[in-house]
Amino acid sequence: MHFFLDTANLTEIEDALAWGVLSGITTNPTLVSREEGAFEPLVQKICSFMQGNPVSVEVLATTVEGMIDEALRLSALAPNIVVKIPMGVEGLKVVSKLSRGEKKVPCNVTLVFSVNQALLAVRAGASYISPFIGRLDDIGWDGAALVEEMAAVFRCQKIATPIIAASIRHPQHVQRVAAAGAHIATVPYAVLKQLADHPLTNLGMERFLADWSRSRGKTSL
Ligand code: E4P
């Protein structure tokens with residue numbers, strides 16, 4: 001499973017890139033609204049940091065024509081832009097048009113909350129499907145179970161469209177969607193850091209260093 005970072009923050013992206021684990025970025029209007037400065041230069045900077053890896057940026061328009069217009073403008077910003085299109089009848093029309101057009105624009109269908117929505121998005125021509133698992137948990141459902149079901153249906157239908165498990169809130173989500181067969185998990189920076197940590201790793205290191213300095217008196221080789 002690949003890791004994307006769910007952020008529009010350049011400091012977070014720069015740091016996570018140095019870990020060597022990042023394969024892409026997803027943003028959304030909420031994440032972009034937290035950042036300073038003009039929108040397009042920010043998107044271009046994120047795209048250049050990611051050096052060809054996919055960067056999902058969402059349209060704001062709600063009409064088919066408006067979404068197509070925005071999608072074309074966004075995709076002209078950098079070669080690694082993936083346009084995020086919200087699920088729905090209008091969204092499906094947009095994805096169908098963009099994925100079959102002369103200049104094919106890769107689309108990430110976002111705000112997906114059911115297997116049926118995912119199946120439609122695939123047929124419309126989506127390049128990625130983003131089920132939102134934390135938001136399902138928020139209303140008392142089991143969000144990770146949706147990814148389990150979706151991945152199983154994709155396997156039996158021989159659908160290769162990558163599933164991006166989104167709206168991830170904690171490490172347990174990551175482990176469950178990986179076990180389910182999600183191709184990608186897009187995680188907030190705080191969760192990415194949690195993934196790298198374990199209290200026994202920290203304790204183990206403290207003990208090694210304490211034992212070494214007791215017998216050797218210094219903490220470097
Ligand atoms: C994914 O593409 C979305 O940007 C994101 O995961 C939404 O997460 P949230 O439900 O925490 O806002």
Side-chain angles (χ1 to χ4, degrees), residues 2-88 90-91 93-112 121 125-130 132 134-135 162 164-169 183-196:
H2 288 274
F3 290 99
F4 283 11
L5 201 61
D6 197 28
T7 187
N9 183 280
L10 294 171
T11 311
E12 291 181 356
I13 295 170
E14 215 171 5
D15 183 53
L17 270 174
W19 300 20
V21 300
L22 221 54
S23 306
I25 296 290
T26 53
T27 67
N28 63 41
T30 305
L31 294 171
V32 173
S33 74
R34 292 183 191 147
E35 305 305 317
E36 306 266 306
F39 170 65
E40 292 191 357
L42 174 65
V43 169
Q44 284 172 316
K45 194 134 207 180
I46 294 173
C47 289
S48 84
F49 275 20
M50 292 311 295
Q51 297 183 336
N53 286 304
V55 175
S56 286
V57 185
E58 192 159 338
V59 296
L60 289 173
T62 50
T63 62
V64 173
E65 296 70 30
M67 283 192 265
I68 290 176
D69 185 54
E70 281 185 9
L72 293 174
R73 276 192 285 135
L74 286 173
S75 76
L77 290 177
N80 48 337
I81 290 274
V82 172
V83 180
K84 248 181 163 180
I85 306 289
M87 179 59 203
E90 307 299 287
K93 291 178 189 169
V94 172
V95 173
S96 167
K97 195 112 186 162
L98 292 173
S99 62
R100 292 171 174 88
E102 205 175 292
K103 180 195 177 309
K104 292 194 183 1
V105 176
C107 297
N108 171 359
V109 175
T110 188
L111 291 167
V112 170
S127 297
Y128 299 92
I129 308 290
S130 290
F132 275 38
R135 293 192 195 189
I164 304 181
S167 185
I168 284 196
R169 301 277 158 78
H183 307 84
I184 298 153
T186 188
V187 298
Y189 181 69
V191 174
L192 189 72
K193 286 207 293 189
Q194 281 181 300
L195 297 182

Looking at side-chain heavy atoms only, is the closest gap between [X] and [Y] below 4.5 Å?
{"X": "Gln194", "Y": "Val191", "result": "yes"}
{"X": "Leu72", "Y": "Ile68", "result": "yes"}
{"X": "Leu10", "Y": "Ile46", "result": "yes"}
{"X": "Lys45", "Y": "Ile13", "result": "no"}
{"X": "Pro86", "Y": "Val59", "result": "yes"}
{"X": "Arg135", "Y": "Leu111", "result": "yes"}
{"X": "Pro162", "Y": "His2", "result": "no"}
{"X": "Pro29", "Y": "Leu60", "result": "yes"}

[atom1]/[X] to [atom2]/[Y] distance, rounded to the nearest 0.5 angstrom?
{"X": "Trp19", "Y": "Leu5", "atom1": "CH2", "atom2": "CG", "value": "9.0 Å"}
{"X": "Asn80", "Y": "Cys47", "atom1": "CG", "atom2": "SG", "value": "4.5 Å"}
{"X": "Asn28", "Y": "Ser167", "atom1": "CG", "atom2": "OG", "value": "9.5 Å"}
{"X": "Phe3", "Y": "Ile25", "atom1": "CZ", "atom2": "CD1", "value": "13.5 Å"}
{"X": "Ile184", "Y": "Ser23", "atom1": "CD1", "atom2": "OG", "value": "7.5 Å"}
{"X": "Glu12", "Y": "Leu31", "atom1": "CD", "atom2": "CG", "value": "9.0 Å"}

Report the C-alpha distance between Thr7 and Tyr189 in whole Å, list the side-chain angles of each, state the deciding distance to 0.1 Å, and finish with yes or no for side chain to side chain contact (heavy atoms under 4.5 Å, CB included). CA-CA 7 Å; Thr7 187; Tyr189 181 69; 5.6 Å; no
Using the rule side chain to side chain donor-acceptor pair (under 3.5 Å), only one of Glu14, Arg34, Glu35 pairs with Asn9; which is it?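 Passing option: Glu35.
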Which heavy atom in [X] sits nearest to a heavy atom in [Y], and how many Å separate them?
{"X": "Val95", "Y": "Gly125", "answer": "CG1-C, 3.7 Å"}
{"X": "Ala121", "Y": "Met87", "answer": "CB-SD, 4.4 Å"}
{"X": "Ser75", "Y": "Ile81", "answer": "CA-CG2, 3.9 Å"}
{"X": "Cys107", "Y": "Leu98", "answer": "SG-CD1, 3.7 Å"}
{"X": "Ile168", "Y": "Ala165", "answer": "CD1-O, 3.7 Å"}

My understanding is that only one of Thr26, Val55, Leu192 makes a side chain to side chain contact (heavy atoms under 4.5 Å, CB included) with Phe4; could you say which?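 Passing option: Thr26.
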Between [X] (side chain) and [Y] (backbone), is there a donor-acceptor pair under 3.5 Å?
{"X": "Glu40", "Y": "Leu77", "answer": "no"}
{"X": "Ser130", "Y": "Ala166", "answer": "no"}
{"X": "Asp6", "Y": "Thr186", "answer": "no"}

Pair Met50, Leu17 - check side chain to side chain contact (heavy atoms under 4.5 Å, CB included), show working. CA-CA 8 Å; Met50 292 311 295; Leu17 270 174; 4.0 Å; yes
Enumerate the residue pairs fulfilling side-chain hydrogen bond (donor to acceptor under 3.5 Å, both in side chains) with a member in residues 47-66, sequence neighbours excluded, ordered by first and then second residue.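 For residues 47-66, and leaving out neighbouring residues, the side-chain hydrogen bond (donor to acceptor under 3.5 Å, both in side chains) pairs sorted by first residue read Ser56-Asn108.
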Once salt bridge (charged side-chain N to carboxylate O under 4.0 Å, His left out) is applied, do any residues pair with Lys97, and if so which ones, sequence neighbours excluded?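 Scan of Lys97 (salt bridge (charged side-chain N to carboxylate O under 4.0 Å, His left out), adjacent residues dropped) gives none.
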